[in-house]
Amino acid sequence: MEGPILTDENLTLLLDELYQSYGYDFTSYARASLKRRVSRLMMLEKLNGFSELFYRLRHEDDYLKKVVGELTVNVTEMFRDPTFFRALRESVLPILATHPFVRIWHAGCASGEEVYSMAILLEEAGILEKSLLYATDLNPAVIENIQKGIFPLSQMRQYSENYIASGGKKDFSSYYTAKYEYAKFDGRFKKKMIAATHNLVSDRSFNEFQLILCRNVLIYFDKDLQDRVLTLFNDSLEKLGFLALGSKENLRYSSVAKSFSQFSIKEKIWRKGI
Amino acid sequence: MAQRHLRKFKAIVVGGSAGSLEIVLKIAEALPLAGIVCILVVHRRNDPDSALAHLIAAKSKLKVREVEDKETIAGDVIYLAPPDYHLLVETDVNFALDASEKVHFSRPSIDVCFESAAAIYGDALIGVLLSGANADGAAGLKMIRDAGGFCIVQNPATAEVPYMPQQAINQDAADEVVDGGEIHKFIVEMLQRNTPIRKQN
């Protein structure tokens with residue numbers, strides 16, 4: 001990436017400041033990615049150098065929000081990895097359907113594309129009414145987006161293809177209304193969602209779930225933090241509950257591995273033991 | 001110059017896009033078991049069955065791995081960037097994956113991988129950029145070169161799609177421009193000598 005230079009010392013200084021002054025702990029994030037995020041922020045903001053970033057963080061209101069927003073990756077899509085959603089549809093939801101209530105946690109949900117995908121799946125399985133979807137992220141800005149239910153219209157063609165590849169049978173456009181360059185998803189989905197800020201690094205378990213999804217979030221953490229977060233998930237899952245990770249993530253090497261068995265051979269879905 | 005001849009290459013990163021597959025396979029087939037880490041970043045469609053990994057494994061003496069999160073880096077292994085993730089060299093012992101914004105419309109991006117590899121391996125790295133229709137890779141290759149690594153660019157005249165290697169040459173990222181059909185031999189010779197081959201003036 002072109003742009004102003006960021007040294008390792010700069011990065012350490014920034015992380016110390018974010019932690020000690022604002023309580024955001026990024027010190028256990030994987031360094032190479034984090035460095036790219038900060039460089040990207042400096043380039044997008046057209047900053048002359050690291051000292052300007054540091055100065056603005058200390059002296060400008062709301063700059064913290066911008067920094068935190070850019071340090072975390074908020075790129076996601078609806079029905080990302082359609083085969084994963086097909087496995088949910090065909091193998092996991094029929095089991096969840098046997099429960100009187102269904103509680104699902106999307107941990108690190110970013111702007112909520114996955115949460116809306118799940119709500120659509122639940123409705124098609126006939127269990128949306130008895131379900132609650134908890135959507136959390138450390139970034140307050142993206143939480144607002146979930147409450148609005150608005151996504152770029154330009155993405156809908158790709159999402160519709162993903163939806164069909166996941167086994168969807170309906171006309172995907174029946175789930176939203178197009179307005180200018182946005183697609184607004186029907187309010188009945190939002191009614192079943194609870195969106196809140198939650199920091200996987202520092203916050204604790206807040207409920208018990210039958211399914212936790214945390215896909216492509218752990219890749220940004222170092223191994224120790226991954227282990228702590230997986231322990232948090234283990235503590236937040238009911239017996240026989242499901243844990244879904246990203247397609248290149250694994251809990252094989254974590255200390256909670258023995259509590260789980262792999263539920264799907266091809267997809268990264270594990271089931272907690274009794 | 002004496003020090004330059006003592007250099008030992010630890011890793012090789014290869015980036016390719018449209019029209020690069022044949023040369024990627026030739027390189028994979030030619031690489032000797034010499035403890036080298038080989039990292040491949042090839043633009044391709046998201047195929048969950050890892051057909052490319054199987055194809056490469058069938059040709060090579062080295063093990064082939066499509067990288068998973070925090071995978072440990074070892075010699076004599078070809079690591080393939082998984083589709084839809086950026087691949088970063090996090091430290092000299094492990095990789096990291098990143099699902100952030102596409103770079104040059106690409107994820108994995110060659111630039112992202114090359115930049116992180118340059119930071120870790122410095123002058124112990126060989127960078128190779130092949131055929132492609134995209135500007136991805138040129139800036140990353142330049143970073144490898146600036147960090148002291150040795151950079152090989154496919155001769156655009158021999159590339160199925162010359163745009164990508166030409167970008168690298170324009171950005172002064174090439175130590176050596178080599179015909180597509182010769183790159184694998186060039187690399188092997190360089191690894192055997194453990195020193196860059198410099199043309200005699």
Side-chain angles (χ1 to χ4, degrees), chain A residues 1-3 5-8 11 29-37 39-41 43-44 70-77 80-84 86-87 108 110 114 158 161-162 165 215-227 245-254 266-268, chain B residues 39 45-50 53 65-73 79-104 107-121 135-140 142-143 146-147 171 173:
Chain A
M1 203 179 305
E2 312 277 337
I5 291 168
L6 179 78
T7 64
D8 288 328
L11 186 60
Y29 276 52
R31 279 293 169 119
S33 272
L34 205 52
K35 210 168 163 185
R36 282 194 68 231
R37 300 310 295 172
S39 299
R40 183 173 182 276
L41 167 69
M43 203 170 62
L44 291 176
E70 280 303 326
L71 282 198
T72 54
V73 173
N74 298 310
V75 182
T76 174
E77 57 187 73
R80 182 185 164 128
D81 304 324
T83 55
F84 166 76
R86 185 181 278 273
E114 182 187 80
Q158 173 70 48
E161 283 174 18
N162 287 358
R215 299 166 66 227
N216 299 319
V217 176
L218 297 182
I219 48 175
Y220 303 111
F221 298 167
D222 69 19
K223 282 183 178 172
D224 288 341
L225 178 56
Q226 287 183 350
D227 213 49
L245 302 179
S247 64
K248 295 294 161 192
E249 294 166 331
N250 216 314
L251 57 71
R252 200 187 317 159
Y253 307 109
S254 85
K266 285 205 136 177
E267 306 300 331
K268 294 298 172 63
Chain B
I39 304 166
R45 284 197 55 91
N46 192 345
D47 97 75
D49 294 328
S50 313
R65 296 271 313 156
E66 194 168 277
V67 178
E68 289 220 334
D69 178 47
K70 302 293 177 303
E71 179 137 355
T72 307
I73 300 176
Y79 294 98
L80 186 60
D84 224 11
Y85 290 90
H86 295 306
L87 173 62
L88 295 102
V89 182
E90 172 82 11
T91 64
D92 59 355
V93 291
N94 67 276
F95 289 108
L97 296 175
D98 177 323
S100 63
E101 297 81 1
K102 291 182 178 181
V103 175
H104 295 294
R107 192 174 50 221
S109 149
I110 300 169
D111 276 346
V112 170
C113 182
F114 279 16
E115 179 180 2
S116 69
I120 297 297
Y121 290 111
D136 192 24
K142 183 73 168 71
M143 286 184 184
D146 289 345
Q171 293 189 29

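Chain letters run A, B, ... following the sequence lines, proteins first, then strands; residues in each count from 1.
- Nearest approach of B:Tyr85 to A:Gly246, heavy atoms of both residues: OH-C, 4.2 Å.
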Begin from the C-alpha positions of B:Glu115 and A:Lys35 and carry the test side chain to side chain contact (heavy atoms under 4.5 Å, CB included) through to its verdict. CA-CA 11 Å; B:Glu115 179 180 2; A:Lys35 210 168 163 185; over 6 Å; no
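- Taking every heavy atom of both residues into account, A:Val75 and B:Ser100 meet most closely at CG2-C, 3.9 Å.
- Using a 4.5 Å cut-off between heavy atoms, A:Thr76 does not touch chain B at all.
- Atom CZ of A:Arg31 sits about 12.5 Å away from atom OG1 of B:Thr91, to the nearest 0.5 Å.
- If you measure heavy-atom distances from B:Val67 to chain A, the contacts under 4.5 Å come from the backbone alone.
- For the ring-ring contact (aromatic ring centres under 6.0 Å, His included) test, residues two or more places apart in sequence or in another chain that qualify with B:Tyr79 are B:Phe95.
- Checked against ring-ring contact (aromatic ring centres under 6.0 Å, His included), A:Tyr220 has no partners two or more places apart in sequence or in another chain.
- For A:Phe84, no part lies near chain B; criterion is any non-hydrogen pair under 4.5 Å.
- Between B:Lys70 and A:Ile219, the shortest heavy-atom distance links the atoms NZ-O, 2.7 Å.
- Residues A:Arg80 and B:Asp84 come closest through the heavy atom pair NH2-O, 3.2 Å.
- A:Ser33 and B:Asp98 make their closest contact through OG-OD2, 2.9 Å (heavy atoms, listed as atom of the first residue, atom of the second, distance).
- Of the atoms belonging to A:Arg252, it is side-chain heavy atoms, and not backbone ones, that fall under 4.5 Å from chain B.
- In this structure, the portion of B:Leu88 lying under 4.5 Å from any heavy atom of chain A is its side chain and not its backbone.
- Here the shortest heavy-atom pairing between A:Lys248 and B:Pro82 reads CE-CB, 3.5 Å.
- Only the backbone of A:Asp222 comes within contact range of chain B, with heavy atoms under 4.5 Å apart.
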